[in-house]
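All heavy atoms count here, side chains included; hydrogens, waters and symmetry mates do not. Convention: sequence-line order gives letters A, B, ...; per-chain numbering from 1.
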There are 2 protein chains.
Amino acid sequence: MSKASDRSKKTNGDNYHHGNLYGSLLQCATEIIRDGGVEALSMRKLADRVGVSRTAPYHHFKDKNELLCAIAEQGFQRQEMLLLQLKESDQQDLSQQFADYVHTYIQLAHENREQYDLMFGREIWRNSEPTASLQKLSRQHFQHWLNWIDKLQQKSILRSTDSALRTAQVTWATLHGICRLLNDGVYTEESNVQEIGEAAVQMMLSN
Amino acid sequence: MSKASDRSKKTNGDNYHHGNLYGSLLQCATEIIRDGGVEALSMRKLADRVGVSRTAPYHHFKDKNELLCAIAEQGFQRQEMLLLQLKESDQQDLSQQFADYVHTYIQLAHENREQYDLMFGREIWRNSEPTASLQKLSRQHFQHWLNWIDKLQQKSILRSTDSALRTAQVTWATLHGICRLLNDGVYTEESNVQEIGEAAVQMMLSN
DNA sequence: ACGATATTTTGACACTGTCAAGATTCATTG
DNA sequence: CAATGAATCTTGACAGTGTCAAAATATCGT
């Protein structure tokens with residue numbers, strides 16, 4: 001007890017090893033980003049808040065980028081959940097189901113704005129290289145969207161003027177554009193979000 | 001000549017005063033951003049490249065943010081030009097005129113991707129405060145778009161299911177979404193840009 | 001108990017934005 | 001022309017960043 005108690009500052013009851021640094025880092029980083037955006041997250045502050053030294057995180061994440069990718073992945077998983085829940089819902093009206101998705105998408109992107117920016121922002125996709133697993137998740141996600149669009153076209157809920165791929169791209173871009181303009185602070189009036197989403201649905205539906 | 005020649009390093013032929021630092025900074029910064037994005041621009045490197053000391057730029061731009069805003073403003077002015085040229089074009093078919101705008105918008109956003117990101121990105125609109133003049137320019141720009149949308153609705157080129165404001169917001173969001181996905185590197189295949197734009201037009205037009 | 005391996009730390013480097021104080025030049029008076 | 005005040009530019013400094021290398025410590029399989 002003599003050695004351990006007076007030689008180091010960190011071995012005072014807590015272990016030298018953190019135990020679950022990976023998880024702690026991920027969670028803490030997610031919180032920091034949720035509260036203050038990506039630019040509020042620094043590896044040093046993160047390490048400090050978790051209670052380890054500056055470079056400790058680098059043994060669990062090769063890069064800052066790798067950390068960000070991991071956080072983005074969680075966002076995609078949540079998004080995936082959303083699509084699944086909708087498919088299993090009791091909503092039989094497919095038009096309404098589509099409208100529901102649009103509204104939920106916008107709402108979710110707004111509630112988790114910083115994570116959303118990470119998922120589709122230049123920080124990861126342009127400035128750095130997205131992780132292999134993140135790329136995979138992202139592709140899967142779009143594929144599911146594409147499949148759904150295809151189905152909606154076949155049932156004439158959506159127009160078939162263009163191919164399923166093009167339609168999927170454009171409709172998604174519309175959703176994405178709305179979310180970006182809101183999240184980035186270009187649209188400041190958040191009160192009309194609902195109406196904007198509704199107008200988007202009107203534009204996309206075939207009627 | 002004795003005093004001036006051996007006392008300082010900078011007074012060796014060139015003037016101590018740069019002459020047009022403001023302009024040089026703006027131009028050089030624009031180039032740096034065009035080539036390497038916002039994150040490639042540092043005040044220090046910029047000053048170095050222009051040939052002045054680190055803090056010289058701060059006598060012409062209060063902030064790095066103020067510099068960025070100035071660059072963004074130029075982007076808006078170019079965008080404004082675009083709309084004006086279209087109105088004065090000889091294209092009489094309003095649907096086609098609208099389609100032309102969409103394609104030019106996407107093309108321009110792609111050619112000046114970094115500047116576009118600056119114009120509508122979080123860097124300025126969320127992380128910092130946009131300059132008063134930038135805000136004004138931005139509002140004007142949207143107002144012109146809104147007026148046009150209104151006109152197109154009255155001539156039944158665009159559906160009037162929703163108000164002009166909502167329609168303007170959603171159509172613009174669609175354009176913006178496409179450009180963001182391309183610029184941010186989420187869509188990597190640039191070969192289909194034309195087709196995507198075409199599909200967007202199809203979705204927006206009333207027919 | 002020992003040696004390999006995983007984990008964490010300290011030190012260091014090259015960057016960044018920007019503030020404060022001093023130096024230099026310019027423009028405008030007297 | 002000389003002097004004074006304003007504009008402009010420089011040097012020094014501070015706190016912060018990501019991340020590499022080498023050393024320290026802990027854990028685990030033998």
- Measure the shortest side-chain to side-chain distance between B:Y116 and B:E111 over non-hydrogen atoms and say whether it is less than 4.5 angstrom. no
Between OH of B:Y22 and P of D:dA7 the distance, given in whole Å, is 17 Å
Separation between CG (B:L82) and CZ (B:F76), nearest 0.5 Å, reads 13.0 Å
Report task. Give a yes/no on whether any side-chain N or O of B:H60 is located under 4.0 angstrom from OP1 or OP2 of D:dC9. Result -> yes
A:D48 CG to C:dT9 P, in whole Å, measures 11 Å
How about B:Y105 and B:C179: do any of their side-chain heavy atoms sit closer than 4.5 Å? yes
In short, the helix from C:dA1-D:dT30 to C:dG30-D:dC1 is bent end to end, axes from five pairs each side, to 10°, by 10°
ask   = Salt bridge check: are A:E123 and A:K64 linked by an N-O gap of less than 4.0 Å?
value = no
In whole angstroms, the gap separating P of C:dG17 from CZ of B:F61 amounts to 14 Å
Tell me, do A:I33 and A:L68 make a side-chain contact under 4.5 Å, heavy atoms counted? yes
Atom CD of B:E123 and atom P of C:dT16 are separated, to the nearest Å, by 15 Å
- prompt: So, A:D117 and B:R126, do they make that salt bridge, N to O below 4.0 Å?
  reply: no
Is there any protein nitrogen or oxygen under 3.5 Å from a nitrogen or oxygen in nucleotides 16-19 of chain D, and what are the pairs?
unit_1	atom_1	unit_2	atom_2	d
D:dT17	OP1	A:S42	OG	2.9
D:dG18	OP1	A:M43	N	3.0
D:dG18	OP1	A:K64	NZ	3.0
D:dG18	OP2	A:M43	N	3.0
D:dG18	OP2	A:R44	N	3.4
D:dG18	N7	A:R44	NH1	2.5
D:dG18	O6	A:R44	NH1	2.6
D:dT19	OP1	A:D63	OD1	3.1
D:dT19	OP2	A:Y58	OH	2.9
D:dT19	OP2	A:K64	N	3.1
D:dT19	O4	A:R44	NH1	3.0

Atom NE2 of A:H59 and atom P of C:dT10 are separated, to the nearest Å, by 13 Å
According to the interplanar angle, ranging from 0 to 90°, do the rings of B:W172 and B:F142 count as parallel (below 30°), tilted (30 to 60°) or perpendicular (above 60°)?
tilted
Here the distance between atom C1' of C:dT24 and atom CG of B:L21, to the nearest Å, is 15 Å
Classify the angle between the aromatic ring planes of B:F120 and B:H176 as parallel (below 30°), tilted (30 to 60°) or perpendicular (above 60°). perpendicular
